[in-house]
Amino acid sequence: MKYVVLSPGRINLIGEHTDYSGGYAMPMAINLYTRLEASKFEIVELFSEHFMEHMSFDPQKQLIKTGRWIDYVMGVYKVVHDEGMDAGGMKGTISGNLPVGSGLSSSASLELAILEFLNRAYSLGIPKLKKAVLAKKAENEFVGVPCGILDQFAIVFGKEDHAIFMDTETLEYEYVPIPEDIGIIVFHSGIRRSLSASEYSKRRKLVEESLAMLGKTSSKYINEGDIKKLPTEIHKKRMGYVIRENQRVLAARDALKEGDVELFGKILTEAHWDLAKEYEVSCGELDFLVRTAGELGAYGARLTGAGFGGAVIIIANKEKVGEISRELFMRYRKVFRWEPEYYFVKASDGVGLFGGAGHD
Ligand code: GLA
């Protein structure tokens, strides 16, 4: 029997770099997908249309990292086996329209596609939250990326036309409807996120250190007064950003609920400049896109994901997204001599079987 799994990518509307300090975030799954078409098999044999290559391994043998895309598949097998679950092999093709390596979580999307297949084909009975936790574990422990749970959570819990307001400490969440007149553009700068691995780890270490020094379990419990107790300027600068960002997520959620799209956009743009100046994870290309989108009449724009390149999201009136993106494309091409890619996206259901109930 053949299974067809659709696993979305994600954007984070707001709440950037808050998930490794137990803060708030508001991501959504998007209608750009990793598509996995596969059947049970003795070993794992997969073809990646993106990389145009076949790779295979025996999941019953010791799994050794290769530094290639197959590591995301191996990582999932590793965590599933570590749980004592019995998952056999698979043969199939990975394709889809989710751009790889653009900050839209193509890696988490692939891991969850594999996990969804194993869950269905081998009747593993893994509940939703556990899927997100296992995919994160594969990324942290096998692939070796010290990410938080934002991406995996959004890909599992995505819901059509809704953002997911989440507390990354308790993992409680609430669906917030996205007003119908909002259009969302994902604009890829074309800049590879080369610094992101080392700089991401540095930011994370500093935030964890700060929490430990203040004796707090989450950045939600830190206030301006606490920041003054931190030992260095850089600790103060970074943590100042984190506490303001937590507050912005709450304000953005409320603005969305009230349908105040102008305020929502304004909060997003404010978040971008705080990320750029105080958290220092932006770059000239992303700043250009955010600034120009504002000049062209968008409600707001900001980088999404870890930063250091990748994509910005632009929130605008639905009727204006075509015009804004065309103009932005031309201005970007002129300044940076690069033809950027852009996508109009919608909030989508989480990972599931193609044609199935979506997020069951
Ligand atoms: C990456 C990580 C997430 C999160 C964001 C920043 O996407 O995978 O866990 O930390 O960066 O918000």
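All ligand and atom numbering here is 1-based and tracks the order in the structure.
- Under the rule for a salt bridge (Lys or Arg N to Asp or Glu O under 4.0 Å), the partners of Arg68 that lie at least two apart in sequence or sit in another chain are Glu53.
- Residue contact check: Gly148 has heavy atoms under 4.0 Å from atoms 9 (O) of ligand 1.
- In this structure, Tyr342 and Phe329 have perpendicular ring planes: the angle between them is above 60°, well past the 30° mark.
- Surrounding NZ of Lys237 are more than 12 heavy atoms belonging to other residues, nucleotides or ligands, all under 6.0 Å away.
- The closest protein non-hydrogen atom to atom 8 (O) of ligand 1 is Asp151 OD2, 2.6 Å.
- A cation-pi contact, defined as under 6.0 Å to the ring centre and within 45° of the axis, is absent between Lys266 and Tyr299.
- Residue Arg10 approaches ligand 1 through these ligand atoms, each under 4.0 Å from one of its heavy atoms: 7 (O).
- Taking each of Leu303, Asp19, Asn12 in turn, the one with a heavy atom nearest to atom 4 (C) of ligand 1 proves to be Asp19.
- Think of Ile234 as one node in a network of Ile, Leu, Val, Met, Phe, Trp and Tyr side chains linked at under 4.5 Å; its network also takes in Leu206.
- When hydrogens are left out, the protein atom nearest atom 5 (C) of ligand 1 is Glu16 OE2, 4.0 Å; that is the closest non-hydrogen contact.
- For ligand 1, the atoms lying closer than 4.0 Å to a non-hydrogen atom of Cys147 are 2 (C), 8 (O), 9 (O).
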